[in-house]
Structures are given as structure tokens and as C-alpha cells.
Amino acid sequence: MGEITNVMEYQAIAKQRLPKMAYDYYASGAEDEWTLQENREAFSRILFRPRILIDVSKIDMTTTVLGFKISMPIMIAPSAFQKMAHPDGEYATARAASAAGTIMTLSSWATSSVEEVASTGPGIRFFQLYVYKDRKVVEQLVRRAERAGFKAIALTVDTPRLGRREADIKNRFVLPPNLTLKNFEGLDLGKMDQAADSGLASYVAGQIDRTLSWKDVKWLQTITTLPILVKGVITGEDTRLAVESGAAGIIVSNHGARQLDYVPATISALEEVVKAARGQLPVFLDGGVRRGTDVFKALALGAAGIFIGRPVVFSLAAAGEAGVSNVLRMLRDEFELTMALSGCTTIADITRNHIITESDKLSVMPSRL
């Protein structure tokens, strides 16, 4: 495998190792994949304003998320079907996250159940939820996650229908026969049938509730005491509604550019959401984070932390648990270096004044004193 020096190098290894259908499922975005590219490129248009001659001999990256102390503001996003990448799948990811002192979010569509992931040992874990048409299924699943020690629900709100992922259509994507959606196995909802296009798209059309609305965020609060993060917000208007609905936090997400193409990169949407939240709830971000510099930029724009998705499945495919651990370590090391070279010793030191965005460039001031 040679010396891996950054997170992105795992993708090429994963492409070699995985069957085409599995790799394309993880790697592809919706339609023209404009947003997929933009999720990365938007980060590259944000520049730094580092401060100098500050004692950076000690750097503290610890932070708290929903009251839980974690080692760094870098967490793991929900990614479905992880056993397609590696036989250990979600088990490996859970162990790597726990060892790194950070949070793993388990997908509803995991190939390991909430109970199985809980059995890997201690760790702070969130559960990502899709709302099925049969609300009894939802209630049962949320209660199982709660019993298994999961600490929050990340409600995905941008998927009333599945985005048009052309690679999956071409490949007639379906889960390999040895794998099931483990959380739904006992409910006769664990299997995905072959379809004329994408098996997943057909499954979503048959099972996921298109009537989902803000009132359902309140409904969820009646069936669980767990805090609810609303995942998939990219506008100020929806941020205000999330606050009103009693959400515990927001994840600025465009579903890894897999839903509606030509929406902004999440890093481009972040500041609008943070301003609309007015400090009433924490705002997180996923999508396109591949460097420690990206983490710093997100925090400078007001994010309370970030979640990574594809780097986890690609590193899992390349090297199992050790790969995921290495991704978390590399991002941590890069983030620590970025903090030091920017003159920040704690997360609280990272401010909007440490970066220049495109909008700033249009009104460049000689100084921000």
C-alpha cells in the first residue's frame, strides 16, 4: 500500500479493491456531480489569515458535543452498507472512533445492528434515522437505539425520494446477497430486491415516508428523550424552523452531494445557517472534508464540529479498522498543525477573523482591527 500521507489517497486504493458496484455506490453523487466536486472545491477558495508570535507549545483540541466531551471536533458521519467495504464493517468503524475518543454515527441502513455496534465496547454513538411509512417501525428502531446506549438521533430530512445516482442505475445497484439492512432484519424490511434501475431507489420509494414534515420532528420528541439533530439543512429559513421545532442541533449537509445536484457546497451554506441559528443551537457540517485545514475553516465559519463520511468507507476498504484509525489520526494531526500555524491553542481561539472567504475578497479591507 506504500506510505499513506493524506486521507484522499485511500480512495484510489478502495477503487482497486472494491467491486465496481460497491465503489461506485460510495463514490458517486447525483446527476452531473457538480455539487460533489463543489463540496471539495469550495474549501479551496477559503484562505487563512494566520496570527503569529503566539505560544503554541500546547494545543488543546478537545470540545463538547451535546454535553459529551470528545478529543477533537472531527466525528464520523453515517454511511450505509459498511460491510460492502470490509467484512468488519461498522464494527471496525465503531472501534476506531471509540479509540480516537470521538463520536460515530450509525446509519439506519447499516449492515450491523444497533445492538451489534453497542457490543463492540464503550463509545459515544449517535443513530441516523430514516423515517419509514410504518411509524411503528420507526418507534421500535428509536427505542432499540436508546436501549443500546446511543446518545442522539440524527434525523435525515433531505431524502423524501432518493437522488438520481446514475452510476447506481447503470450498475443496477443492489446489496450483495450475503448482506442485509441489519436493523430491519426481523421486520421483513432487511432485504433489497433487484430492480430495473437502482435497487436502493426502489427500496426508498417503497418504504420511506414522503409526507415527513416539521411536525414529525416534534412527534419524534414524544417517542424519545434523546436529543434530535436535523441533518440536511442548508438554508437560513429552515434553520429558524429547526430552532422552533425544538431540534437540539443542525447538521449542514447535502447528503454527500447524492440528493439534489447544484445545491451549494456545505461549507458555502454554513455561514448562512450559523447566522440564522443565532447561537440557539449548535451547527455541525458534513460534506467534502478531507484535510485538517477544512476542519479549521468550518470552525472559523461557526461550525461546532464536522463529520466525515467517504474517507471512512474508503479507508475501511483499504485497511479495515487500522485504515479508519489512520484517517482520524491524519485529520487530527493536520488540524492540530493548522491551529498552531494560525496561532490558536484552543477551539475557542478559532474565529471568523482567521479566514478570508470569497465574499470577503469582494470587500477586502486593509485590516480588521
Centroid-centroid under 6.0 Å between Phe81 and Tyr25 rings: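 Yes, close enough.
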Ring centroid separation Phe314 to Tyr23 under 6.0 Å: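 Close enough - the centres of the two rings lie under 6.0 Å apart.
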Hey, does [Y] have a side-chain heavy atom less than 4.5 Å from the side chain of [X]?
| X | Y | answer |
| --- | --- | --- |
| Thr156 | His255 | yes |
| Phe335 | Pro73 | yes |
| Ile251 | Phe307 | yes |
| Met8 | Arg290 | yes |
| Lys361 | Leu47 | yes |

Partner of Thr111 under side chain to side chain donor-acceptor pair (under 3.5 Å), chosen from Glu116, Lys182, Glu90: Glu90
Axial cation check for Phe48 ring with Lys297, 6.0 Å and 45° limits: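 Here Lys297 passes the 6.0 Å and 45° test against Phe48.
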Pair Asp24-Arg165, salt bridge (charged side-chain N to carboxylate O under 4.0 Å, His left out): steps then yes or no: CA-CA 9 Å; Asp24 286 355; Arg165 305 167 191 176; over 6 Å; no
Test log, rule salt bridge (charged side-chain N to carboxylate O under 4.0 Å, His left out), inputs Arg144 and Glu115: CA-CA 8 Å; Arg144 280 172 56 199; Glu115 293 84 3; 2.8 Å; yes
Whether Trp109 and Tyr130 hold their rings parallel, tilted or perpendicular, with breakpoints at 30° and 60°: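 Correct class here is parallel.
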Asp216/Arg135 ion pair, N-O < 4.0 Å: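 Salt bridge flag = yes for Arg135 with Asp216.
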Atom pair CG (Asp32) and CD (Gln37), whose distance is rounded to the nearest 0.5 Å: 11.0 Å
ILVMFWY network linking Val263 to Val252, side-chain heavy atoms under 4.5 angstrom: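 Yes, it is one cluster - the side chains of Val263 and Val252 are joined through contacts under 4.5 Å.
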